[in-house]
Amino acid sequence: MPVVPLKELLDRALAERYGVAAFNVVNDLSIEAVLAAAVEERAPVILQTSVKTVRQYGREQLHDIFGALMRGVDVPVTLHLDHCPDRAVISGCLAGGWNSVLFDAHELDVAENRRQTTEVVAEARRTGAHVEGEIEGIQGVEDGIGSDDAAPIQSLEVAVDFITSTGVDCFAPAIGNAHGQYKQAPKLDAQRVSDLVAATGVPMALHGGTGLSDEQFTDLIARGCAKVNISTALKESFMRSGLSFLKEAENQQKWDPPSLFRHQKKAVTEMAKQHIRLFGGSGKAW
């Protein structure tokens with residue numbers, strides 16, 4: 001199965017009201033683990049890379065790793081650049097083979113955000129790629145991008161005009177969600193998702209998924225959140241599994257890196273499978 005366009009994944013998911021899990025991968029092991037989960041669940045999946053990860057590896061090397069690990073994978077996969085305010089990084093990733101990007105220009109005023117997002121959409125179309133847009137910052141800092149201060153919420157009319165005028169393929173609304181761990185149960189404006197989908201027909205992206213209840217996920221997906229981001233849960237699974245393994249290795253004085261890698265891969269794979277099932281993506285591969 002070749003890498004498929006983001007729009008193809010999300011339009012199907014919106015029509016059938018399931019969510020495509022979008023995991024923020026951090027290295028080759030996490031890529032391999034998420035792909036293994038998607039294959040086992042027969043599910044489409046989105047691999048997301050942060051700007052930090054792109055810069056850590058280098059764009060060409062990271063894409064080469066992705067390409068190597070995709071060989072033999074027979075479920076639909078999209079490679080997505082998450083939260084990126086830097087037009088140069090966006091241009092590089094679009095030219096370098098990414099299927100979609102989130103142009104994060106929420107710190108600009110809406111008019112300038114609209115103007116630049118329209119340019120990014122046109123640039124993406126030239127490479128057959130797609131664009132996720134946003135006009136409100138999702139509260140919380142993720143991979144060095146964002147703020148712990150809540151951003152002002154735009155009116156429904158402003159959001160609908162942004163979506164329709166820019167031609168974005170997916171939109172990330174602020175509905176009371178936040179990146180990182182919630183300090184208390186979030187109160188979400190789920191109706192805003194329904195209103196935006198009804199007005200535009202465009203799939204919504206749910207950010208700040210880690211920590212939401214199963215019922216909240218199910219409700220938001222039914223309303224039109226066809227792309228569901230998971231970042232913190234992957235990082236915690238990766239690092240906590242490594243920490244527990246290393247503590248035991250220290251106790252036993254047994255130092256075997258391949259065993260550590262297998263342990264972490266298993267933990268991340270299980271985490272990914274649980275989310276794919278919860279979002280209704282199992283068995284949706286074509």
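Note that the structure is a prediction, hence the values are computed from the model and not measured.
Thr127 and Trp98 are not linked by any side-chain donor-acceptor pair at a separation below 3.5 angstrom, with hydrogens and angles left out of the test. At a cut-off of 3.5 Å, with distance as the only test, a side-chain donor of Glu132 or His207 sits close to an acceptor on the other residue. In the model, Glu112 has a side-chain atom that pairs as donor or acceptor with a side-chain atom of Gln116 under 3.5 Å. Under 3.5 Å, the side chains of Asn24 and Asn229 contain no donor-acceptor pair of N or O atoms. For the residue pair Ser100/His80, the side-chain donor-acceptor check at 3.5 Å is satisfied. Checking Lys227 against Gln48 by side-chain atom types alone, a donor-acceptor pair falls below 3.5 Å. Side chain to side chain, Ser282 and Arg277 fail the donor-acceptor criterion of an N or O pair below 3.5 Å.
Once rounded to the nearest 0.5 Å, the distance linking CG of Asp169 with NE2 of His130 reads 4.5 Å. Leu14 CG to Cys170 SG: the interatomic distance, rounded to the nearest 0.5 Å, is 9.5 Å. Here Leu81 contributes atom CG and Phe103 contributes atom CZ; the two are 11.5 Å apart, rounded to the nearest 0.5 Å.
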Tabulate below the donor-acceptor pairs under 3.5 Å that side-chain atoms of residues 152-161 make, not counting sequence neighbours, or state none.
{"residue": "Ser155", "atom": "OG", "partner": "Val158", "partner atom": "N", "Å": "3.1"}
{"residue": "Asp161", "atom": "OD2", "partner": "Arg114", "partner atom": "NE", "Å": "3.3"}
{"residue": "Asp161", "atom": "OD2", "partner": "Arg114", "partner atom": "NH2", "Å": "3.2"}

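No salt bridge links Glu16 with Arg12; every basic N to acidic carboxylate O contact stays at or beyond 4.0 Å.
Partner of Leu206 under the side chain to side chain contact (heavy atoms under 4.5 Å, CB included) criterion, chosen from Leu220, Ile230, Val193: Leu220.
Note: Phe279 and Tyr18 fail the aromatic proximity criterion, with ring centroids not under 6.0 Å apart.
Between Phe23 and His275, the two ring planes are perpendicular [angle over 60°; tilted spans 30° to 60°].
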